[in-house]
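Below: one structure, written as structure tokens.
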2 protein chains.
Amino acid sequence: MDDPRKDRSEGKVQYGPLSEALGFLLRLGQLKSFAGFFRSFEAEDIRPGELTVLMVLHENPGIRQGMLAKALSIKRAHMTKMVRQMEDEGLILRRVPEDDKRAMELWLTEAGEARVAVLAPILAEHESGGAAGLSVTETAELKRLLRKMLNIRNGASG
Amino acid sequence: MDDPRKDRSEGKVQYGPLSEALGFLLRLGQLKSFAGFFRSFEAEDIRPGELTVLMVLHENPGIRQGMLAKALSIKRAHMTKMVRQMEDEGLILRRVPEDDKRAMELWLTEAGEARVAVLAPILAEHESGGAAGLSVTETAELKRLLRKMLNIRNGASG
DNA sequence: TATTGTTATACTCTATAACTATA
DNA sequence: TATAGTTATAGAGTATAACAATA
């Protein structure tokens, strides 16, 4: 079971130093996780990026567009396209604040809030179990370490 | 320090349920990790995908192209382009095996092995410390959980 | 019939820079 | 001068399907 030659003959691959490369593991982990995401949200026609925008607007009404982009690590140029499409779809309201006419404040419309009301429970259900291959406890620890790495507070309980 | 209103006024964002969403955390983690990657490999003109191909070929000489693609979660169509370019650059040798003339076996050339000899120490150095924000112990635990989730053995020591 | 690699196409996301209007 | 958002363009990476050669 621990003989590399047997693994090779069974069609397995030796990752060598890559098995210690965090970026590589994170990339594969994200691909696996996203596959599960699309399974859970199959009926909703939503992509990960759109969901994150909706959730952050729900939590931070009136947030400025650039700050949203920074929080989600989405480039400003791309964020412009995303939020404009969501504005066209009636999910988002955009408004120039009086104290800085260069900026753009974002709000969810009623339709946007309704969308969140549908999606949030699906997300909660999707996240409730452990990740594939991990126990609930191990999954919680994995998330905790990622949050610490990213300097993100656990705001799910508050 | 734990008052959300203070955080908002200081320019922080409430992530709400997203702080519990594994896919979201993995995505941000990968972006952060890749930024570190490009810093470490700044002088080498290499991208993450190319490095993983080189490392896997070093560990699995003669591996078939489709198996390589599957191991790295890269689509076969994209893998074709990658390995052909690396073949043009003289890093990879491709050969049709006698027992299955549809297939393609991949090997590193001497130049490819030399490239690995340069890159592997940089990767080792890059991974030697803890991830930003985490201790070495925490980073090791994070990697262990990701490997378990992905069903990847730690082959760095063997 | 199924599989391996290839080709082609379209789409998403990213990277970059230039532009405007405001500060 | 600097900043927020916009526009435009190019380049990765991905998804998909169709195809030829082979199993």
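Here is the naming used below: chain letters follow the sequence lines, and residue numbers restart at 1 for every chain.
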For this session: Any salt bridge (Lys or Arg N to Asp or Glu O under 4.0 Å) involving residues 29-44 of chain A? Give me the pairs, sequence neighbours left out, ordered by first then second residue.
Result: A:E44-A:R115

Problem set entry | salt bridge (Lys or Arg N to Asp or Glu O under 4.0 Å) partners of residues 119-136 of chain B, not counting sequence neighbours, each pair once | B:E127-B:K143

For this session: Using a 4.0 Å cut-off on protein heavy atoms (strictly under), produce a 5'-to-3' string for nucleotides 3-13 of chain C with B for base contact, S for backbone-only sugar-phosphate contact, and - for none.
Result: BBBBBB---SS

Exercise. Can you tell me how far CE of B:M79 sits from CG of B:L106, rounded to the nearest 0.5 angstrom?
Worked result: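 Output value for this atom pair is 8.0 Å.
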
Return the set of residues passing side chain to side chain contact (heavy atoms under 4.5 Å, CB included) with [X] (not counting sequence neighbours), or none when no residue passes.
X	value
B:R84	B:T80, B:R94
B:N151	none
A:S19	A:Y15, B:R147, B:I152, B:N154, B:A156

Exercise. Quick one: bend of the helix from C:dT1-D:dA23 to C:dA23-D:dT1 from 5 pairs per end, to 10°?
Worked result: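 Angle reported: 0°, given to the nearest ten degrees.
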
Problem set entry | Span of DNA chain D, from the first to the last nucleotide whose atoms fall under 4.0 Å of chain B heavy atoms |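 The protein-touched segment is D:dA12 to D:dA23.
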
Problem set entry | salt bridge (charged side-chain N to carboxylate O under 4.0 Å, His left out) partners of B:E105, counting only residues at least two apart |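 In terms of salt bridge (charged side-chain N to carboxylate O under 4.0 Å, His left out), with neighbours along the sequence ignored, B:E105 is linked to B:R95.
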
For this session: Considering non-hydrogen atoms only, spot the tightest contact between B:G90 and B:A111 and give its length.
Result: O-CB, 3.6 Å

Problem set entry | Audit row: B:L54, B:I46, side-chain contact (heavy atoms from CB on, under 4.5 Å) steps and yes/no | CA-CA 11 Å; B:L54 289 173; B:I46 184 109; 4.0 Å; yes

Exercise. Relative to each other, are the rings of A:F37 and A:F34 parallel, tilted or perpendicular (30° and 60° limits)?
Worked result: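 The rings of A:F37 and A:F34 sit tilted, inter-plane angle from 30° to 60°.
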
Can you give each donor-acceptor pair under 3.5 Å made by side-chain atoms of residues 21-31 of chain A, sequence neighbours left out, with the distance rounded to 0.1 Å?
{"unit_1": "A:R27", "atom_1": "NH2", "unit_2": "B:L72", "atom_2": "O", "d": "2.6"}
{"unit_1": "A:R27", "atom_1": "NH2", "unit_2": "B:S73", "atom_2": "O", "d": "3.3"}

Exercise. Which pairs with one or both residues in residues 73-127 of chain B pass ring-ring contact (aromatic ring centres under 6.0 Å, His included), sequence neighbours excluded?
Worked result: none

Exercise. Can you list, by residue number, the residues of residues 16-25 of chain B that have a non-hydrogen atom closer than 4.0 angstrom to DNA chain C?
Worked result: none

